[in-house]
Q: 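To start, I am sharing the structure in question, which I have written as structure tokens.
Side chains included, hydrogens not; waters and symmetry mates left out as well; all remaining heavy atoms used.
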Amino acid sequence: MYKKTSLFLIGFLYCYSITLSCGLKLAGKLLCINDNAAIAGAVIHVEGTNKSCISNMHGYFQLDSICTSSIQLHIDLVGYVHVDTSIYLTDSNTNIILYMESKDLHADEIHIDGIAVHPSELQTLSSEVIPMAERLDLSGKSLGEITKIVPGVTTLSTGGNVVKPVIHGLHSNRILILNNGVRQEGQQWGSEHAPEIDPFTASQITILKGAASLVYGADAVGGVILLEPNAILPDKMVKGDYHLIGNSNGRSITNALALEKGWKKIGVRVQTSQKRGGNLKTPKYYLDNTGTCEINASAQLTYSGNRLQLNGYLSTYNNKYGIFSGSNIGGDSTELIAAALKNKPGSKNEFDYTINRGYQTVGHTLSMIEGNYKLPKSEINFKLSRQLDERQEYDFNIPYTNGADLSNLPGLSFKLKTHQLNITYNHPSFGLWSGTIGFDFFTQGNIFKGLGYRTLIPNFRNYNGGIFIIEKIALNKTIVEMGARIDRRIQTIYRLNPTTLQLETPQQEWNNLSGAIGVNHTFTPRLSGNINLGTAWRAPNAYELFVDGIHGATSTYEKGDSTLEHEKSLQLNAGIQFQQHHLSFKLGAYVNYIDRFIYLEPSRQYAVTYQGVFRVFNFNQQATLFIGGDMELSYQFENGWSSSLKGNIVRAQNLITDLPAWQIPPANFRWGINKSFTNFQKLEGLLITLEFDYTSMQKRFVKNLDYINPPPSYSLTNVGLSYPFKVKKYTCNLALTVENLFNRSYRNYMNFFRYYADEIGRNISLKLNFKI
Amino acid sequence: MKKNTIIIFASLGLLLVACNKDEKVITPAAPGNEFITTIVIKAVNQSNLADTVTAIWKDLTPGDATPPTQTDTLKLKINTIYNASIFFLDETQSPIGDITEDILARANYHLVCFQPSLFTAVSAFSITATDLDGNTPALPIGLQNKITTLNADFGNINLQLLHQPNIKDGSCGIGSADVNVDFKVSIQ
């Protein structure tokens with residue numbers, strides 16, 4: 001997909017701008033200077049133009065198609081002091097933080113406010129915002145595919161349907177996903193389990209790169225992904241947003257509808273999306289049984305009083321997808337190597353929508369209620385949520401039985417229930433100091449059922465509690481923040497001893513202290529920098545501790561290690577941002593030392609079973625050092641032409657063996673050229689994009705450790721076109737994209753299916769969006 | 001209005017806290033499920049029915065990484081023709097479950113294949129299925145076979161029980177393997 005089109009696609013949007021001729025963009029966050037809470041519903045207006053926009057429920061706003069680099073901004077919201085400030089934009093992508101001061105809260109009864117889900121902590125970490133509502137080119141994609149447009153984010157996949165984000169070389173349980181402010185708790189431990197989230201529910205996705213344990217608790221070792229909807233603002237009309245997406249590869253159709261209505265104090269939103277796709281195709285053959293079917297829905301109800309705001313949210317995610325039949329190699333490694341070298345897998349080579357055996361069903365429901373109560377100089381937030389995550393895995397083979405019909409029962413079934421409570425208090429500021437004190441609690445239980453001889457993951461119950469404090473001082477050009485956190489986790493396992501078959505309930509406990517300190521400094525209006533030193537930690541999960549069995553989807557035998565201890569990370573993240581006239585760049589660098597880093601590693605041993613000889617992968621832990629950097633450089637030429645270059649590199653070394661760590665993403669560079677048509681009358685607003693995406697070969701690997709070597713480097717070409725138009729008074733947008741234009745055959749080191757098949761070939765997508 | 005709203009949100013909140021602890025009960029494996037623990041090759045010398053040899057491959061903890069419990073060598077004579085029957089058993093049950101019957105009952109979807117082992121393969125040896133299923137045209141099942149031995153040799157033969165629903169065409173390269181084991185063969 002073309003990655004660097006955001007700046008211009010945004011310009012096509014209906015938003016609130018009328019002329020669409022200029023390419024500068026200003027994005028930012030609006031905070032209350034009294035308590036640092038996000039301010040929603042404020043009107044931000046560019047003086048001397050008809051451009052204005054409204055900040056969303058998390059204080060974010062965006063102004064597009066600004067023509068002049070020097071602008072005067074006016075910000076208004078009832079209950080707040082008017083802001084009048086001049087801003088110098090040098091590039092198409094300027095990000096700022098603005099503060100408003102609140103007046104006496106009792107002064108006006110009709111004051112509109114959003115819910116401050118979380119204050120703007122961790123400002124000293126590099127972050128990036130993807131405005132989903134404005135990125136038609138990204139609509140209908142999975143969370144992993146969407147987030148990889150951000151430098152420093154790559155993907156880990158198992159076939160074409162399971163794609164998950166990797167931040168700074170870390171993934172799965174080391175990336176925390178906050179869906180509507182709630183920690184997403186799914187079956188994320190396995191590499192072949194993608195996050196159970198419908199990105200259509202989010203109008204904005206924020207990516208925090210680096211250790212964020214301080215605010216978000218254990219597991220946020222690599223980073224945090226926040227998915228947030230827009231605030232529901234009062235409007236006379238019902239607002240609607242409809243997407244219809246067709247993909248040539250897999251012949252899939254996606255459609256999504258959201259309707260919302262805001263009254264003075266109440267807001268309601270309902271949303272649904274569906275996807276149906278068939279077998280995906282590589283340039284040379286179809287991937288048998290890779291169909292998918294997905295149905296999602298959500299509902300939101302908000303209340304905005306003078307002091308109290310409430311937000312209730314319900315969502316359900318349901319997915320069924322086939323497991324590529326060519327991956328079911330119940331043999332030994334020689335067969336695997338043969339499969340890897342074979343031009344075509346042994347499976348059927350034809351298109352089909354039917355999802356046959358060898359499939360998984362995943363269901364995730366979330367119910368959440370959050371509230372925010374404003375005191376004269378401070379604010380209390382609370383959030384209570386429940387999640388139920390259910391996964392059923394149906395084996396390729398129907399089980400043999402001596403009577404009872406087991407053909408409709410899943411071979412493996414998991415049920416994970418999580419209850420969470422979060423309370424934060426933004427205390428009154430003392431001079432330049434402001435801060436937040438928080439308390440988090442969550443508990444989860446896992447229930448395993450299986451047809452197999454043994455359990456793959458035992459039942460467990462865990463309790464997690466944490467308290468934190470984060471303080472910030474905002475000086476003239478510098479923001480300094482620091483904080484500390486204490487966590488405690490208790491986990492009880494319920495399992496039958498494999499030999500005595502008696503119930504065992506081993507219990508483990510982890511206590512941890514994390515901290516962070518960071519600085520964000522504006523050197524000149526054009527140059528700013530941030531640096532953050534922080535710690536993060538993660539307890540081994542039940543899968544890493546106890547898994548013992550054949551993993552059908554990847555034909556491996558995975559073995560946990562019950563002696564694993566928690567891992568602890570100490571990391572330094574730094575970034576600089578520069579903007580001058582038409583040129584801008586962002587550079588980020590990090591050093592991440594993870595003590596007792598837990599990883600799954602090929603053992604070169606084999607498990608001999610009646611189903612064949614399987615490769616054994618063991619969980620292991622050793623001190624590992626990650627060093628990496630990411631960059632983004634863009635230049636705006638004359639006449640609507642622009643170009644950008646993005647790249648990321650990560651190196652990871654096992655410090656004990658002094659060998660490269662296993663399965664680390666290779667370097668990736670993306671070069672984009674965009675042309676936007678302005679002053680072309682009928683072509684007004686047309687955007688054409690061209691992108692070259694180069695991924696190098698991972699040359700840092702341990703010889704003879706894995707069963708096959710990493711695949712060679714590859715480069716892909718993607719093109720896109722988008723065009724906004726009006727049907728009566730409705731805003732429409734049409735996009736056509738072609739990924740892998742030249743239908744190149746390649747394999748990706750970060751895909752578990754690289755052993756069995758090529759990546760998917762050319763995909764032509766047609767996307768239509770209607771807004772009423 | 002305000003009161004109603006609070007009631008709606010409060011009841012939503014109550015829904016969230018309802019919680020039980022089902023994880024303390026460990027669900028037993030579904031009754032009736034059969035595991036293949038044992039594969040038996042029984043070979044009868046065509047010219048001397050009293051000359052019967054049996055080789056057993058057995059793993060009483062099916063599907064885990066512990067090595068198989070028993071891996072016999074199939075001991076055959078040189079230049080001899082045998083009738084070989086294959087049996088699949090579940091010895092985790094009492095009485096012992098016979099999965100061969102299930103395979104016969106769904107013979108149109110199953111094929112037992114013998115192929116050269118990927119490790120040291122036995123070569124002075126050929127094996128062909130002699131039984132047929134109910135497909136049109138009829139295709140081999142592989143539960144009954146004819147073994148022909150040549151000169152003295154030692155090596156492995158790979159036995160696979162393939163599950164080929166609606167795709168069975170007599171060939172071994174398709175479908176998924178319910179069983180995939182190597183038997184040692186000695187020809188003297």
Q: Is it the side chain or the backbone of B:Leu159 that comes within 4.5 Å of chain A heavy atoms, both, or neither?
A: neither
Q: Looking only at heavy atoms and a cut-off of under 4.5 Å, which of A:Gln387, A:Lys415, A:Lys449 has the most pairs with chain B?
A: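 Winner by heavy-atom pair count: A:Lys449.
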Q: Mind listing the side-chain donor-acceptor pairs of residues 73-81 of chain B below 3.5 Å, one per line with the distance, residues two or more places apart or on another chain?
A:
residue : atom : partner : partner atom : Å
B:Lys77 : NZ   : B:Asp51 : OD2          : 3.0
B:Thr80 : OG1  : B:Lys77 : O            : 3.4
B:Thr80 : OG1  : B:Ile78 : O            : 2.7

Q: Hey, are the side chains of A:Val608 and B:Pro68 touching, using non-hydrogen atoms and a 4.5 Å cut-off?
A: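 With C-beta onward as the side chain, the pair touches.
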Q: Take atom NZ in B:Lys58; do more than 12 heavy atoms of anything else shown fall under 6.0 Å from it?
A: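 Yes - once you tally the heavy atoms of other residues, nucleotides and ligands closer than 6.0 Å, there are more than 12.
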Q: Where do B:Glu23 and A:Phe460 come nearest, in terms of heavy atoms and distance?
A: CG-O, 3.5 Å
Q: With a 4.5 angstrom heavy-atom cut-off, could you sort out which part of B:Asp59 is near chain A: side chain, backbone, both or neither?
A: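 Looking at B:Asp59, just its side chain touches chain A.
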Q: Got more than 12 heavy atoms from elsewhere within 6.0 Å of CD, B:Gln188?
A: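 Incorrect, the count does not exceed 12.
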Q: With a 4.5 angstrom heavy-atom cut-off, could you sort out which part of A:Leu421 is near chain B: side chain, backbone, both or neither?
A: neither
Q: Might you point out which heavy atoms bring A:Asn459 and B:Val25 nearest each other, and give the distance in Å?
A: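 Of all heavy-atom pairs spanning A:Asn459 and B:Val25, the closest is ND2-O, 3.2 Å.
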Q: Enumerate the ring pair (Phe, Tyr, Trp, His ring centres under 6.0 Å) contacts for residues 82-111 of chain B, please, sequence neighbours excluded, ordered by first and then second residue.
A: A:Tyr400-B:His110, B:His110-B:His163
Q: Go through B:Asp98, B:Asp178, B:Val181 and name the one with the most non-hydrogen pairs under 4.5 angstrom from chain A.
A: B:Asp178
